[in-house]
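What follows is one structure encoded as structure tokens, with my remarks underneath.
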Amino acid sequence: MASSKTTRSRDVKLLGLAASGGVAVGRVLRLDEHGRYQFYYIGITAGQVRNEITRLHQAFKEARVQMEEIQDRLARELGYKHSYILDAHLLMLEDKRLMTELEQEIRSRRINAEWAVRDVTDRAVEAYRHVHDQYLRERASDIEDVTTRLLAILSGHAKFDLSKLDEDVIVVACDIWPSTVAELDFNRVLGFATDAGGMTSHAAIIARALRIPAVVGLHEVTRLIRTGDTIIVDGGTGEIILRPTRPVIRQYAEKRKRDVARLAIPIAQPSEPAETIDGVRIRLRANVELSTEIESLALFGAEGIGLYRSEYIFLNRLPELPGEDEQYLIYARLAEATGEAGASIRVFDLGGDKLTLEGYKEEQNPALGLRAIRLSLKAEDIFRTQLRAILRASSHGRLRIVLPLISTIPELRQARAIIDLVKREMADRGIVYDAEIPIGVMIEVPAAAMMADLFAREVDFLSIGTNDLIQYLLAVDRANENVAHLYQPLHPAVLRTISFLVRAAKSARVPIELCGEMASDPIHAIVLIGLGIRTLSLAPASIPLIKNAVRSIELARVRSLIKDAMKLASAAEVEEMLARELPRQAPRFFAAWPSRG
Amino acid sequence: MPPIREHLVEAMQERRVIVSNRLGLHARAAARLVRRATQFTSSVEIIREDTSQTADGKSILNVLLLAASRGTSLIIRTEGPDEERAASELVDLVEQKFGEEISDGLF
């Protein structure tokens with residue numbers, strides 16, 4: 001533990017993972033507990049009961065004041081008609097019966113106010129889940145909303161309005177969740193620094209997409225710094241400097257200038273085709289998590305959505321599950337927004353380190369546990385609801401279904417049988433859907449990769465998910481800083497596996513595409529194209545950069561380069577060779593590209 | 001239909017009413033009902049006739065948990081000094097679809 005003196009000392013250097021390049025200097029905005037609120041179970045003594053009950057009353061009062069303010073603002077901005085959206089919320093805070101129940105809970109079980117609130121409202125939410133009327137069932141979210149607010153107040157977190165920052169900030173947090181990002185005012189965010197996470201953490205992915213410098217995996221940055229302090233984030237080296245002195249700031253300001261110049265690579269226009277010099281067309285599609293990203297697709301020139309991560313619908317929602325109608329509206333919007341290019345919807349990839357469904361315990365080894373398709377096949381009702389929603393939406397455009405984390409052929413067959421069953425039920429009820437909706441598997445498990453030739457016979461397309469495939473192939477958790485250096489997308493084993501997959505797809509005459517972080521890196525993207533991939537799905541904001549890389553290469557030459565790369569002994573050798581050869585092959589692009597490490 | 005007790009037990013009112021608005025007793029409708037109920041001194045109980053599930057008419061959580069969709073038959077039972085006015089005003093409110101048919105139902 002650092003003493004209070006050292007925690008305030010200057011020029012404190014911390015090293016984390018370089019998640020997104022560039023240098024940022026600015027003031028800290030510290031987000032607490034990644035936008036969700038933590039709370040604890042605390043047993044209390046008889047003497048503390050009164051105090052807890054007072055805290056409870058104060059929290060209710062404070063929550064009422066906040067809700068009334070929000071209601072006033074809604075009335076002002078949306079008109080009176082909408083302002084009573086929150087009527088039920090306010091009444092809950094005036095609900096004497098609820099208060100009595102909470103007080104009793106605190107008294108009889110001798111627990112803290114936070115825990116009482118959580119327990120009592122959980123029971124109410126649970127009761128709601130058994131309601132038959134779907135619309136009413138979804139109202140459980142109103143209770144959750146009030147609960148979250150109460151817990152936030154009780155735990156002493158002030159609600160921070162992230163959408164209207166009035167100065168430029170560097171966001172420092174334990175972790176940053178997409179739901180928090182959705183609230184951020186991007187124009188004001190200069191950089192990210194987080195305690196948690198590896199290269200594929202949300203903060204890292206988002207930072208790269210926005211081209212904002214970021215360092216993750218810092219362990220204790222939130223403990224050492226406060227909102228308002230000055231911080232330097234060097235996303236190229238993974239260094240951050242807390243409370244820098246003037247000379248250090250000057251030094252980094254210089255570096256920042258150089259970085260900006262190096263990164264000022266010409267960006268392709270949305271109207272220009274992603275075509276190599278020798279005329280090979282590459283399809284660049286978008287990975288989408290939040291439905292708010294749909295608007296950016298045209299801006300970045302994405303050809304439809306190659307990967308819609310549907311589990312993000314759950315964010316901030318559990319334990320409530322999104323109903324069929326709600327999902328249908330989202331999928332229909334995706335279908336309509338993407339037109340001919342279409343959208344591939346990956347069915348829920350829940351479980352593991354992502355969101356867990358209620359009733360399923362945390363696992364010792366979640367990456368190898370009950371997640372993705374395994375969970376869908378087990379929680380079949382949730383899977384069916386999602387399939388019905390996708391199928392209904394498929395009549396609005398060109399949707400495709402992608403099954404994640406398939407490792408065996410029988411799993412695929414089981415999933416397909418359920419899809420067929422749902423289709424038949426819908427046909428019987430006269431519901432319109434795309435009977436020919438393509439179904440594909442994500443190749444993420446090495447076992448599935450080895451069986452790709454057989455999978456290819458039973459699906460309409462293959463989709464390689466590199467984030468997981470690399471993790472499983474190399475047995476490396478990229479979020480674990482101790483082994484993150486072993487996470488090597490250019491490991492010859494990765495290249496050989498992808499090459500094998502491309503050949504398997506080709507001989508079965510089945511389309512193959514690739515989605516994952518790899519596709520967002522220009523060098524990696526060129527390697528993938530050299531390996532025979534023609535459709536890449538990536539973060540929308542990275543598309544212009546990758547398109548420019550594609551337009552700078554001659555495929556025939558890259559192909560022979562990659563053929564040689566596959567024979568090399570290590571990722572380092574591959575990287576060295578690419579660093580030597582690519583600037584020669586594509587000087588216009590790579591002369592300006594910063595070299596690594 | 002079972003007979004409705006009215007003035008049978010001293011100091012109590014019971015009225016039957018059918019939920020007729022499209023979305024049933026959803027959040028906003030329930031909020032209106034509870035708001036109105038709390039204006040009376042009398043106690044207000046709302047009972048689903050089919051399941052006998054009983055809610056305190058002054059508790060939003062209770063009322064919401066009735067999950068009364070369109071067509072549900074409710075008994076409104078009031079007891080206290082203003083029980084008659086309470087019963088008839090609450091019945092009116094339900095019959096008049098909570099003051100307005102809430103159009104889109106998105107909230």
Side-chain angles (χ1 to χ4, degrees), chain A residues 60 63-64 67 70-71 74 78-102 105 117 119-147 150 320 323 325-326 329-330, chain B residues 18-48 50-51 53-74 80 90 93-94 97-107:
Chain A
F60 267 68
R64 266 203 306 274
M67 294 304 292
I70 295 170
Q71 193 165 36
L74 282 178
L78 301 172
Y80 178 70
K81 193 161 81 71
H82 291 283
S83 66
Y84 40 45
I85 290 165
L86 298 173
D87 265 2
H89 292 63
L90 271 166
L91 278 172
M92 243 176 265
L93 294 166
E94 293 165 20
D95 195 322
K96 293 205 181 74
R97 211 166 248 274
L98 173 63
M99 182 54 91
T100 312
E101 202 177 332
L102 287 167
E105 193 87 358
V117 167
D119 253 20
V120 168
T121 54
D122 270 359
R123 286 204 292 272
V125 169
E126 182 57 29
Y128 254 76
R129 287 151 62 92
H130 299 299
V131 170
H132 288 299
D133 185 287
Q134 186 188 346
Y135 173 81
L136 288 173
R137 196 164 55 229
E138 286 172 5
R139 292 312 90 204
S141 65
D142 296 344
I143 303 175
E144 267 302 309
D145 200 352
V146 173
T147 306
L150 283 171
E320 181 203 21
D325 288 344
E326 186 185 346
L329 289 174
I330 294 171
Chain B
I18 309 282
V19 176
S20 57
N21 62 314
R22 192 166 57 84
L23 293 168
L25 207 46
H26 62 100
R28 276 156 69 184
R32 291 192 169 195
L33 187 71
V34 173
R35 272 261 184 261
R36 190 70 64 87
T38 47
Q39 285 164 4
F40 300 106
T41 321
S42 303
S43 70
V44 177
E45 280 188 326
I46 300 174
I47 303 138
R48 269 188 82 126
D50 52 352
T51 60
Q53 194 186 342
T54 305
D56 178 346
K58 298 183 181 185
S59 162
I60 183 83
L61 272 180
N62 260 230
V63 172
L64 282 172
L65 280 171
L66 287 176
S69 51
R70 184 184 196 166
T72 307
S73 174
L74 299 176
L90 292 171
L93 185 67
V94 180
K97 302 177 177 173
F98 305 95
E100 63 164 338
E101 183 67 77
I102 291 155
S103 54
D104 51 17
L106 282 177
F107 293 101

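Just so you know, these numbers come straight off a predicted model, no measurement behind them. To find a chain, count down the sequence lines: A is the first, B the second, and so on, and within it residues start at 1. Because only heavy atoms are used, hydrogens play no part in the values below, and waters and symmetry mates are left out as well, while side chains stay in.
- Contact between B:Ser59 and A:Asp95 at its shortest, heavy atoms only, is OG-OD2, 2.7 Å.
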query: Do B:Leu61 and A:Arg123 pass the side chain to side chain contact (heavy atoms under 4.5 Å, CB included) test, and can you show the C-alpha distance, the side-chain angles, and the key distance before you say yes or no?
result: CA-CA 11 Å; B:Leu61 272 180; A:Arg123 286 204 292 272; over 6 Å; no
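- Here OG1 of B:Thr38 is found 7.5 Å from CD of A:Glu94. Values are rounded to the nearest 0.5 Å.
- Contact record, B:Leu65 with A:Ala124: CD2-O, 4.0 Å, taken as the closest heavy-atom pair.
- Of all heavy-atom pairs spanning B:Ala31 and A:Ala88, the tightest one is CB-N, 3.9 Å.
- One distance of note links CD1 of B:Ile60 with CG of A:Leu93; it measures 11.0 Å at 0.5 Å rounding.
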